[in-house]
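Inspection log for the structure reproduced underneath, given as C-alpha cells.
Position 1 is the first residue of the sequence, and the numbers go up from there. Atom set for the values below is all heavy atoms of this structure, side chains included, hydrogens, waters and symmetry mates excluded.
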Amino acid sequence: MADFEVKTDLQDLDRLVAEIEQAKKLVLKVGVDETKQYDNGTKVVDVAQYLEYGWTQTVSWKQRTWLLANSGVDVKRGTLHLPPRPTFGFTYQTCKGKWERTGSKLFSKFTENPISVALRAYEILGLMAVNDIKNTILTNGKGTFKPRSPLTLLLYGQNLDKHQPKGDSEKLKKRNISKKNTSDTTKALVRGTDGEPKFLNSITYEITDNAEDQANG
C-alpha cells in the first residue's frame with residue numbers, strides 16, 4: 001500500500017473560529033435614548049420607567065386645593081395613580097415570535113462570514129424592534145392600555161396651550177402640533193406635556209460589544 005501525506009492549512013479555520021468568537025460578543029440593545037430630555041430637563045428614559053410600571057403619588061392638602069382650583073377635580077382619596085402601560089413588555093410578548101423567526105433566517109449563514117452576518121442581522125432586528133415598539137406607543141398597546149384620565153387630559157390641555165409655539169399654522173402642522181388639545185392625547189404614550197412625541201422619538205437601538213460593556217460596567 002502506497003504511503004501518502006495529507007497537509008491541512010488551518011489558517012482559514014483559525015480565522016473563522018476567531019471571527020465567530022468575536023461575533024458572539026456582539027449585543028443588540030433596544031430601548032430609550034438616554035441622552036433625550038423633555039423641555040424641563042427631565043430625562044425621557046426616567047419617564048419611560050414610570051410609564052412602564054406605573055406609580056402612585058400621595059397628594060397633599062395644598063396640592064389637592066390647587067388641583068381643585070385649576071381643574072375643578074377634587075382628589076378625595078388623597079392619591080394620584082398612574083396605571084402601568086408596559087410598552088416594552090407588551091411589545092416583547094406580542095412580537096418575540098416574529099423576532100425569533102426572523103433572527104433564525106438571518107443567522108442561517110452565520111458560519112460563512114460571522115461578523116458581517118451578525119452585524120447585518122442585528123441592524124435588521126434592531127429596526128424591526130424599534131418599529132414594533134413605536135407601533136405599541138401609537139396604538140396605545142393595540143387598545144389594551146388605559147387612556148388618559150379626564151384630569152390628565154385637562155392638565156395636559158392647559159399645559160399644551162402654554163407651550164404652543166407662535167408661528168404659521170402650516171409650519172405647526174408639519175411639526176405635527178395642533179393648536180388645541182385633541183383626542184390624540186388620550187393615547188397616554190404619544191404626546192408629552194410640551195406637545196411633542198418625545199417618548200416616541202426616543203426609541204432607538206444600538207449594537208455593542210459585550211466585552212466592552214462588562215469593562216465599562
Side-chain angles (χ1 to χ4, degrees), residues 22-55 57 82-96 98-99 102-103 106 115-116 118-141 145 148 152 155-156 158-167 171-178 181-182 184-217:
Q22 185 176 349
K24 286 167 61 177
K25 296 177 182 178
L26 296 176
V27 176
L28 171 64
K29 296 181 178 181
V30 183
V32 179
D33 186 337
E34 295 184 356
T35 66
K36 300 296 184 180
Q37 297 182 346
Y38 290 97
D39 289 351
N40 62 4
T42 302
K43 289 187 175 182
V44 177
V45 67
D46 292 336
V47 174
Q49 294 184 55
Y50 289 114
L51 294 173
E52 186 78 9
Y53 301 107
W55 60 269
Q57 176 182 328
L82 175 73
R85 298 179 175 98
T87 304
F88 299 98
F90 176 88
T91 307
Y92 175 76
Q93 291 298 327
T94 57
C95 298
K96 64 178 180 179
K98 177 181 68 173
W99 297 343
T102 302
L106 292 172
I115 297 176
S116 296
L119 286 173
R120 180 57 179 163
Y122 282 148
E123 286 177 0
I124 293 173
L125 289 170
L127 289 171
M128 179 182 293
V130 167
N131 286 333
D132 288 335
I133 293 170
K134 287 186 174 183
N135 183 61
T136 296
I137 294 173
L138 291 170
T139 62
N140 218 33
F145 297 165
R148 280 178 172 151
T152 303
L155 294 176
Y156 266 52
Q158 293 173 349
N159 207 47
L160 286 170
D161 289 340
K162 293 178 183 178
H163 283 82
Q164 245 1 283
K166 306 295 182 181
K171 291 182 179 180
L172 296 180
K173 186 176 181 181
K174 288 181 180 179
R175 291 176 58 191
N176 196 28
I177 303 175
S178 62
N181 193 23
T182 71
D184 288 341
T185 52
T186 62
K187 296 177 181 178
L189 305 176
V190 178
R191 298 171 68 192
T193 55
D194 54 6
E196 297 281 357
K198 292 284 178 62
F199 181 42
L200 179 74
N201 293 338
S202 297
I203 305 301
T204 187
Y205 78 93
E206 64 175 347
I207 301 170
T208 64
D209 189 313
N210 190 42
E212 293 180 2
D213 286 348
Q214 292 178 348
N216 294 330

What distance do [X] atom [atom1] and [Y] atom [atom2] have between them, rounded to the nearest 0.5 Å?
| X | Y | atom1 | atom2 | value |
| --- | --- | --- | --- | --- |
| Leu200 | Ile133 | CG | CD1 | 11.0 Å |
| Asp132 | Thr87 | CG | OG1 | 12.5 Å |
| Lys198 | Thr42 | NZ | OG1 | 10.0 Å |
| Tyr92 | Thr136 | OH | OG1 | 14.5 Å |
| Thr91 | Asn131 | OG1 | CG | 11.5 Å |
| Gln22 | Asp209 | CD | CG | 7.5 Å |

With a 6.0 Å cut-off (strictly less than), is the heavy-atom count around [atom1] of [X], excluding the residue itself, greater than 12?
| X | atom1 | result |
| --- | --- | --- |
| Glu206 | CD | yes |
| Glu34 | CD | no |
| Lys134 | NZ | yes |
| Lys98 | NZ | yes |

Heavy-atom pair of closest approach, residues [X] and [Y]:
| X | Y | answer |
| --- | --- | --- |
| Arg85 | Phe145 | CB-CD1, 3.8 Å |
| Trp99 | Leu125 | O-CD2, 3.7 Å |
| Glu52 | Gly89 | OE2-N, 3.0 Å |
| Val30 | Tyr205 | CG2-CB, 4.0 Å |
| Ile203 | Val130 | O-CG1, 3.9 Å |

Going through the distances and angles, do Val32 and Phe199 end up as a side chain to side chain contact (heavy atoms under 4.5 Å, CB included)?
-> CA-CA 8 Å; Val32 179; Phe199 181 42; 3.9 Å; yes

Side chains of Asn201 and Lys36 in contact at under 4.5 Å (non-hydrogen atoms) |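 No - every pair of side-chain heavy atoms lies 4.5 Å or more apart.
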
Does Ile207 reach the side chain of Glu123, with side-chain heavy atoms less than 4.5 Å apart?
->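 The answer is yes, as the side chains (C-beta and beyond) meet within the 4.5 Å cut-off.
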
Please list, chain by chain and in numerical order, all residues satisfying ring pair (Phe, Tyr, Trp, His ring centres under 6.0 Å) with Phe88, sequence neighbours excluded.
->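 Result, ring pair (Phe, Tyr, Trp, His ring centres under 6.0 Å) vs Phe88: none returned.
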
